[in-house]
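Data first, discussion second: the structure below is written as structure tokens.
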Amino acid sequence: MFVTFEGIEGSGKSTALNALTGALRAGGERVFVTREPGGCDLGLALRALLLDARKGPLAPRAELFLFLADRAQHVAHAIRPALEAGEVVFCDRFTDSTLAYQGYARGIDMAELRRLNAMATENLAPDLTLLFDLPVETGLARAAHRNRVEGTIESEGRFDAEKTAFHQKVRDGYLRLAAGEPARFVIIDASAPADAVVRQCRMALAERAGRRA
Ligand code: TYD
């Protein structure tokens, strides 16, 4: 089963992903955990280029192709081999990030993005996508807090520095994607306390696993 985790900055998806992974592994499940950008060696180099705002402005299409290059390599060398080995794959961001950020927020044509995503992934689509949804102000406040605590290069990354209106477009975009594919998406109320968020995810996973069995 291929599960992707999506949401705006500060939605808590990575925290929930870690907790879920722990729970599944404790139950004997083999879980391969990865993320985009940066889920493979090439991706790590691309990630540094993509997220370091100090390298100057990136043209939206240059940014897009870096994300797609990362994805193509990541699918071919990490995600597909793990799925073929029978592992559950948890991926922090995937194709829907491109649709929400480069499409809804940056304004690149959606049909074109869908074609490029299909090309980059050779038509691999998630079985389940957990969308961590919460008000933009709450997410940005959490992300700002995390950045102060961690103080990494990425903390002043390109996307964290975008205006609230940009993140609002990302959130609205995600909700439209979810409305368009209700069989794949489950919307998680990410403003709930952390344990309640993880509970919602476990229910969604169990429900999906049951449907596949
Ligand atoms: P990251 O530090 O991984 O953010 P988060 O912890 O919120 O997941 O940074 C990834 C950033 O890249 C994030 O702002 C979303 C953006 N992104 C895109 O714009 N398009 C994409 O296709 C992907 C995978 C990520």
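Every number for a ligand or one of its atoms is a count from 1 in the order of the listing. In this chain, residues are counted from 1 in sequence order.
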N/O separation below 3.5 Å, Ser14 to ligand 1 | no

Flag the pair Asp70 and Arg93 as a salt bridge only when some basic side-chain nitrogen lies within less than 4.0 angstrom of an acidic carboxylate oxygen.
-> no

Report yes or no: does Arg35 have a heavy atom closer than 4.0 Å to ligand 1?
-> no

Ligand 1 contacted by Lys13 (non-hydrogen, < 4.0 Å) | yes

Of the listed options (His74, Glu9, Arg47, Arg71), which comes nearest to atom 2 (O) of ligand 1 when hydrogens are ignored and any heavy atom counts?
-> Arg47

Run down the list Glu6, Arg106, Arg93 and name the one with the heavy atom closest to atom 7 (O) of ligand 1.
-> Arg93

Distance-only check: which donor-acceptor pairs under 3.5 Å involve side-chain atoms of residues 109-118, not counting sequence neighbours?
residue : atom : partner : partner atom : Å
Asp109  : OD2  : Ala111  : N            : 3.3
Asp109  : OD2  : Glu112  : N            : 2.9
Asn117  : OD1  : Arg71   : NH1          : 2.7
Asn117  : ND2  : Thr95   : O            : 3.2

Could you tell me whether a side-chain N or O of Glu6 sits under 3.5 Å from a main-chain N or O of Phe94, the two making a donor and an acceptor?
-> yes

Does Arg30 reach the main-chain N or O of Ala85 with its side chain, forming a donor-acceptor pair under 3.5 Å?
-> yes

Closest contact, heavy atoms only, Arg171 versus Leu134 = NE-O, 3.1 Å

If you measure from each non-hydrogen atom of Glu63 to ligand 1, which part falls under 4.0 Å: side chain, backbone, both or neither?
-> neither

Could you see which bit of Ile8 sits under 4.0 Å from ligand 1, with heavy atoms only: side chain, backbone, both or neither?
-> neither

Tell me, please, which residues at least two apart from Ala72 pass side-chain contact (heavy atoms from CB on, under 4.5 Å).
-> Ala120

Run the numbers for me: atoms of ligand 1, each under 4.0 Å from some heavy atom of Arg146, listed by number.
-> 6 (O)

